[in-house]
There are 4 protein chains.
Amino acid sequence: MTTQRKAPDAARRNETARRAILTAALDLAGEVGYARLSIEGIAARAGAGKQTIYRWWPSKGAVLFDALLMLSEGQGDQPADLPDTGDLEADLKTVLRATVDELNDPRYSEPMRALAVEILLDPALAADFAERLDEPVRELKRRRLSRAQAAGQLAADADLDVAVDLIWGPLRTRWLYREGPLTTAFADTVVETALNGLRPGASSRPTSPTPT
Amino acid sequence: MTTQRKAPDAARRNETARRAILTAALDLAGEVGYARLSIEGIAARAGAGKQTIYRWWPSKGAVLFDALLMLSEGQGDQPADLPDTGDLEADLKTVLRATVDELNDPRYSEPMRALAVEILLDPALAADFAERLDEPVRELKRRRLSRAQAAGQLAADADLDVAVDLIWGPLRTRWLYREGPLTTAFADTVVETALNGLRPGASSRPTSPTPT
Amino acid sequence: MTTQRKAPDAARRNETARRAILTAALDLAGEVGYARLSIEGIAARAGAGKQTIYRWWPSKGAVLFDALLMLSEGQGDQPADLPDTGDLEADLKTVLRATVDELNDPRYSEPMRALAVEILLDPALAADFAERLDEPVRELKRRRLSRAQAAGQLAADADLDVAVDLIWGPLRTRWLYREGPLTTAFADTVVETALNGLRPGASSRPTSPTPT
Amino acid sequence: MTTQRKAPDAARRNETARRAILTAALDLAGEVGYARLSIEGIAARAGAGKQTIYRWWPSKGAVLFDALLMLSEGQGDQPADLPDTGDLEADLKTVLRATVDELNDPRYSEPMRALAVEILLDPALAADFAERLDEPVRELKRRRLSRAQAAGQLAADADLDVAVDLIWGPLRTRWLYREGPLTTAFADTVVETALNGLRPGASSRPTSPTPT
DNA sequence: TGGTAATCGAGACGGTACGTCATGTCTTCCC
DNA sequence: GGGAAGACATGACGTACCGTCTCGATTACCA
């Protein structure tokens, strides 16, 4: 067992209170921003006692994490996989444009930023996040790239983890640091550049599967 | 007047106190981590009054920012430019390896992480940071790439801003989110992949300056 | 009906739980003192649910009250009356010395002090206490004095209630306020002074029953 | 030094805040009773921060203590001594009647009861109270009795401490336990009985200074 | 003798208050 | 005037209990 203290009895958990707390966390993150997001405030907004939060979550970040999970699941999107039309470049652009839209929507963006801060501050939460959200998603990405590799659309010796960072990293960095506007054009350029590389002659290479 | 409140007279500023405060901020960030870094703690450690901090800096993040600036300047490194041996790939690897070392050193890494958090929280600080530190450094990077482009080592139509994100972004993301160990091997692979792209046949293209 | 809420069915009451709760209350009062005595703690120590306490007692003070009643009854002392050897002064000294011993024993003293606090705080409990414990005991005292009065050992016009306060009050006050050590010597002096009065010549008056 | 932690600098103390806190404590004790008297409530009512209370007082009881001291001093009554007209009995009745009036006035009575509770709970406060308030007052009482003793109005061998308890104890006990109404008649009877004793023949002894 | 209704241990819940910490403003006194 | 020191109002922290509530699992009465 890894539980600390007296483990609460999950069977008796009040689902209504749980949802109220997660919803309040999302709403408040969107309304007042992370800096002013407090557990006290979440409890008050949710009509819950503070102890109910402390009983079930170890930190403010963990609440935000669950809140964002609820948000994704609520959409029922649960993408079993990334799109695969056979055209890798087009598929990646589709995905990154969707991400751009999400990051430009404060309803998603603000809680995500709040969660990002908590992750930066708290290595334990970072590990939890990596395991439960980041790694599964990364696995989806790797899988899509792997299929492209099998189809000869990616270099056979490409390190797929680096590939994922190359494709998805720039967007995340620009968003976090507010380094510039997040546009679909930027997303497209990143995909193209990551695929073709920076060296000359790259863009002349075929974009679609090499004909034999 | 455009100044808010009573503008302090910079001429009378006590340089000793300033350095003590910045040093204390760096030390404490390294020792207790960002989450427990407080202005009160900095003042106490520096033997300074809190008001002295509030008089000269608008926020904890601003103190950290100045502290990191002092740290870079103190090294006297002030690199007017990135290395340019003519071999772009080698030069980029040199720079990224140095960055890896820095990010693995808590003395640099912890204050940087602390500053990153403040930037995420505070758009005003983000803008300040972008203008005074990020943009100048980015300009150095763009300049080096621009020279490579002129030498025909980069595609003529490459978007250099995207290129910078592609090369430096993955390292920063992996560090911030603690997604994996930061190694020089990772740095090398990122440089190679960014230059050659992910498509097949890329790695067969020349790595050194094109012979005439 | 005059009952508030849903009157619990006393017939079904679990005597084991009742005793466990009262015992736990006494033990905890002795161990941690009143200030840290909590219903939650009593329930935990007794292996009882909190509701079992709230079902049968209206307040923490009521639990303590019953606990002290159990303690006295448990002794089987139930003194139908105060000692009456014919020598009033000696009898009073016997009783007060016994009280001194009791007040010096933390096992009795601490719960009593806890109950005293509750009585000070809660007029309803005070009334209950007065009716069920204080008044019966006071009646015993008054009865003993009354007999002495009939025997001519007390002034015929003495107000027996005031007499009780005069004899038993100083001990209680000194104990409550911790104004000084509780000794049998103090008890003796109080009895003598109360009987003889403070005026000169008092001590020369006969101490034993007046000879006819 | 007996100070714990970092001793606050009394010289910088804000007298306005101090008075506001003490006044709020008295008012609230009178309004909501002790059981609902909270430090948080006092701070809120006083427009003060909780820390300001915790900085200067170790406990709620200590605040009440100071508040009552302020109340007495505010009256400017500061009786250097108890009345001494030469008639001990009359003087004692005067004093006890005044006490009866005080105890029947909720403005005094409620804070006093609150303080009494704190004293019961907290031996440290009890000691402080004994030293700073109870003992000085007791000394005044002893002094008055001592003068009476010198004048031959009290038995030469009377224990003056016991005498004080005998005279003032019954009133205090009856008040604390709400054992009965506090009337001036009760005060008078207590004085008479304490002076004359309970034995027969006592009341025939002279009440005024012995004639020569 | 099996149904059923209340008690029981357990503990989650919405709350209130605790005592501590840090915030940013202020005031005081020294240089 | 700047600076060290630190008191102040504010507000969040995480904890302890409050008194109410719901949950099976015993009981113990009653049909």
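Just so it is clear: chains get the letters A, B, ... in the order the sequence lines come, proteins before strands, and each one is counted from 1. Scope of the values below: all heavy atoms of this structure, side chains included, with no hydrogens, waters or symmetry mates.
For the segment residues 15-48 of chain B, residues with any heavy atom less than 4.0 angstrom from an atom of DNA chain E are, sorted by number, B/S38, B/I39, B/E40. Listed in residue order, the members of residues 119-128 of chain C having a heavy atom less than 4.0 Å from DNA chain E come to none.
Here E/dA22 presents its P atom at 15 Å from CD of B/E118, a figure rounded to the nearest Å. Rounded to a whole Å, the OH atom of B/Y54 is 16 Å from the P atom of F/dG3. Rounded to an integer number of Å, the gap from NZ of B/K60 to P of E/dC21 is 16 Å. In this entry the distance linking CD1 of C/I53 with P of E/dG9 reads 9 Å, nearest Å.
For B/K50 against E/dG24, a side-chain N or O and a base N or O form a donor-acceptor pair under 3.5 Å.
Regarding contacts with the backbone of F/dG19, every side-chain N or O of C/W57 stays at 4.0 angstrom or more from both OP1 and OP2. Residue C/R13 places none of its side-chain N or O atoms closer than 4.0 Å to OP1 or OP2 of E/dT7. Applying the 4.0 Å criterion to OP1 and OP2 of F/dA9, one finds that D/T52 has a side-chain N or O inside that range. Here B/W56 does not reach the OP1 or OP2 of F/dG2: none of its side-chain N or O atoms lies under 4.0 Å away.
Side-chain N or O atoms of D/R113 include none that pairs as donor or acceptor with a backbone N or O of D/P106 at under 3.5 Å.
When all heavy atoms are compared, the tightest approach of B/V63 to B/A25 is CG1-CB, 3.9 Å. Of all non-hydrogen atoms in B/E118 and B/L125, the two that sit nearest each other are CB-CD2, 3.5 Å. For the residue pair B/A35 and A/L121, the shortest heavy atom distance occurs at N-CD2, 4.1 Å. The minimum heavy-atom distance between D/P111 and D/L64, with the atom names listed, is O-CD2, 4.2 Å.
For A/A20, the side-chain contact (heavy atoms from CB on, under 4.5 Å) test picks out A/A46, with sequence neighbours left out.
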Please list, one pair per line, the donor and acceptor atoms closer than 3.5 Å that link side chains of residues 37-44 of chain A to other protein atoms, with sequence neighbours excluded.
unit_1 : atom_1 : unit_2 : atom_2 : d
A/S38  : OG     : A/G41  : N      : 2.8
A/E40  : OE2    : A/K50  : NZ     : 2.8

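When each of D/Q51 and A/Q51 is assigned the nucleotide of DNA chain F with its nearest heavy atom, D/Q51 is the one assigned upstream, toward the 5' end.
The ring pair (Phe, Tyr, Trp, His ring centres under 6.0 Å) contacts involving residues 24-70 of chain B comprise B/F65-B/F129, where partners must be two or more places apart or lie in separate chains. Listed by first and then second residue, the salt bridge (Lys or Arg N to Asp or Glu O under 4.0 Å) pairs involving residues 56-70 of chain B are B/D66-B/R132 (not counting sequence neighbours). Within the structure, salt bridge (Lys or Arg N to Asp or Glu O under 4.0 Å) pairs that include any residue of residues 16-37 of chain C comprise C/E15-C/R18, C/E15-C/R19, C/D27-C/R45, C/D27-C/R107, C/E31-C/R45 (at least two apart or interchain).
Set against E/dA6, F/dT20, E/dA12, the side chain of C/D9 has E/dA6 as its closest nucleotide.
Counting only heavy atoms from C-beta outward, the side chains of B/L115 and B/M112 never approach each other to under 4.5 Å.
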Output one line per pair: protein atom, nucleotide atom from nucleotides 26-31 of chain F, and distance, for all N/O pairs under 3.5 Å.
none

